[in-house]
Amino acid sequence: MAEEDGPTARIVVGVDGSESARKALRWALAQARRQNAAVEAVTRWTFPATSSWIPVPAADLEAAARQALADTVDQERHTAPEVPLGTLPDRFRAIGALRCLAGTP
């Protein structure tokens, strides 16, 4: 396969800052290298269910999700630097975002 050929597929992986998410991203990057695919790392954020009347600013929740995503990508990017890697912080349900990006109903 010629190096100038672009990715032929996309692998979508959910990332939440956990060790399991790091392992999933590492796997996705390795698989993408084998399949000439791109990787899309997705995280989600939503308003937490709390019993408190103290409001949590949406900007804080989004910033925390973006930071967890960026940190995880930074930690694992070196494993396959040649693989195209996009990121998407999303306020919707994780499963919906993953399905949408993967092109499945």
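Because only heavy atoms are used, hydrogens play no part in the values below, and waters and symmetry mates are left out as well, while side chains stay in.
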Only one of Glu82, Arg77, His78 passes side chain to side chain contact (heavy atoms under 4.5 Å, CB included) with Leu29, and that residue is Arg77
When every non-hydrogen atom of Arg22 is compared with those of Thr72, the smallest separation belongs to CG-CG2, 3.7 Å
Are Gln67 and Asp71 close enough that a side-chain donor and a side-chain acceptor fall under 3.5 Å?
yes
* Asked: Should Val39 and Leu25 count as side-chain neighbours, where that means a heavy-atom distance under 4.5 Å?
  -> yes
Requested in this report: Please check if the side chain of Thr43 supplies one atom and the backbone of Val15 the other of a donor-acceptor pair under 3.5 Å.
Outcome: yes
Closest heavy-atom pair, Gly14 versus Ala21, reported as atoms and distance to 0.1 Å, is O-CB, 4.1 Å
Tightest non-hydrogen contact, residues Val83 and Ala37, listed as CG1-O, 3.6 Å
Distance col, row Arg26:CZ vs Lys23:NZ, nearest 0.5 angstrom, shows 7.0 Å
